Undergrad: 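Got a structure for you, questions after.
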Amino acid sequence: MNRSCLAIILAAGEGTRMRSTLPKVLHRIAGRSMLAHVLAEVQEAGADRLVVVVGPDHDRVAAEALKVAPHAEIVVQKERLGTAHAVLAAKEALKQPVDDVVVAFADTPLITADVFSDLRKPLASGAAVSVLGFEAENPFGYGRLLVEDEKLVAIREEKEASDQEKAVRLCNAGLMAFQGEGLLDILNAIGNDNAKGEFYLTDAVSIAAAAGKLASAVYADEETVKGVNDKVQLASAEATMQQRLRNRALVAGVTMTAPETVFLSFDTCFGKDVEIEPNVFFAPGVSVGDGVTIHAYSHLEGATIKNNVSVGPFARLRPGAVLGEKAKVGNFVEIKKTELGEGAKVSHLTYLGDATIGSDVNIGAGTITCNYDGYDKFQTVIRDGAFIGSNSSLVAPVVVGQGAFVGSGSVITGDVPDNALAIARGIQVEKKDWATKFRKTKKK
Ligand code: UD1
Ligand code: CA
């Protein structure tokens, strides 16, 4: 589509029903805000310009918008006087010539780029307005699409609808597209003489129709256009998004024994021949290479996992964990800001933070990098082929040389040279027949 497009995203909602100090559109679904989901899809659909309409004191909303869409323009709707009024907050942007204008709500997070593109199609063939409709299971609260002779003539809001109109199940999803030329005239013609005293964007349809212009409807399924107004709907949107992400992963060839127990983020990415056991959680920023197995009950965030790695069960990978090829991370291991070299093994009960671990290093059970003194973080470096005996504490900053050994139970506070053995623990003492004598005295 060669037509230019301006997208206006309405994010000025109060969201009081969320019962939260966080603005509604900043609530997350699959690891990113609803606003970010909508902005990403609009951008993918090829919007040339983006305007985000925010409420007063919505600095956090503006900041989030700019994070995902640095070129977006932020405008403030000072008073919440309705959806048409909100669009008019972008008046300056609307004054510049553009072919298509798309309006979307930031609280409709499941919308996809395809839907935006479909919605714009009627504009290319001359429609003045294009509305996204859906067949609602329960239409209560939605604007109803009134169709006569296959032409969309009006959208009637719940509060103004007659009983007959209330029976209509064809509803407005809230996503609308307009021919740029003439849109300001239509918006300026919208009044607020209705039950809510609001300027309804939906009145654009009857105004266009009365002027002899064509209004069309394009249809989507209800699942895709679900709006979020409270935490119940947020959870429901999350469930739909999870199902979508799981299906995408399964279709791409990921093996999941119980996909319904695996939670993904919008940006989780997988290579070939990946297996995921039940109850695994992927927070944002995880990339998984080829031939990787993630065992049950693991929690991963901001981690890069290279090919043929095995993780878990019960592993926790935190941001900055980079696991080299064929590395192994076993149960009850936590890894943060640490790179594991090729073939390195950390099989049990270990914390590695702020560390660089070489290739083929073996980290024994119960190893801890003591990386923090309450004020600053320090680095631990373990070079290729080193062997850390079980239950060792490595007090950073510290370097264990190539091929070196650390004896079990050591507290290592100084650097260990290449190929040396460092033992830092009490020396064992044996007292011959001590136990026999001890028991004798006790029995007396
Ligand atoms: C709106 C539609 C209705 C549609 C429904 C779909 C209108 C008049 N009605 O109704 O036809 O079926 O969405 O969910 O458009 N907003 C602002 N500033 C305002 C008012 C609203 O930014 O002054 C934003 C809200 O943050 C929200 C969106 O616009 O994201 C929709 O507003 P809302 O009041 O929720 O409209 P509905 O009554 O749900
Ligand atoms: Ca709404």
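If you're wondering where the values come from, they're calculated on a predicted model, not measured in any experiment. Ligands are counted one by one from 1 in listed order, and the atoms in each one are counted from 1 as well.
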Undergrad: Heavy atom of His85 under 4.0 Å from ligand 1?
TA: no
Undergrad: Judged by modelled atom types alone, do Thr108 and Lys226 share a side-chain donor-acceptor pair under 3.5 Å?
TA: no
Undergrad: Please work out which of the three classes, parallel, tilted or perpendicular, describes the rings of Phe263 and Phe281, given edges at 30° and 60°.
TA: parallel
Undergrad: Does Leu81, backbone or side chain, put an N or O under 3.5 Å from an N or O of ligand 1?
TA: yes
Undergrad: Mind checking whether Arg156 contacts ligand 1 via backbone (N, CA, C, O), side chain (CB onward), both or neither, at a 4.0 Å heavy-atom cut-off?
TA: neither
Undergrad: Gln77 to ligand 1: N or O pair under 3.5 Å?
TA: yes
Undergrad: Given that the side chain starts at C-beta and the backbone is N, CA, C, O, which of these parts of Ala86 lies under 4.0 Å from ligand 1, counting heavy atoms, or is it both or neither?
TA: side chain
Undergrad: What do you reckon, are the aromatic ring centroids of Phe282 and Phe266 less than 6.0 Å apart?
TA: no
Undergrad: Below a 4.0 angstrom heavy-atom separation, can you tell me which part of Ala173, side chain or backbone, both or neither, approaches ligand 1?
TA: backbone
Undergrad: If the plane angle is over 60° it's perpendicular, under 30° parallel, otherwise tilted; pick one for Phe332 and Phe314.
TA: parallel
Undergrad: Under 3.5 Å between some N or O of ligand 1 and some N or O of Gly82?
TA: yes
Undergrad: Look at the rings of Tyr142 and Phe134 and say which category their plane angle falls in: under 30° parallel, 30 to 60° tilted, over 60° perpendicular.
TA: perpendicular
Undergrad: Would Glu238 and Arg28 pass as an ion pair if we require N to O under 4.0 Å?
TA: no
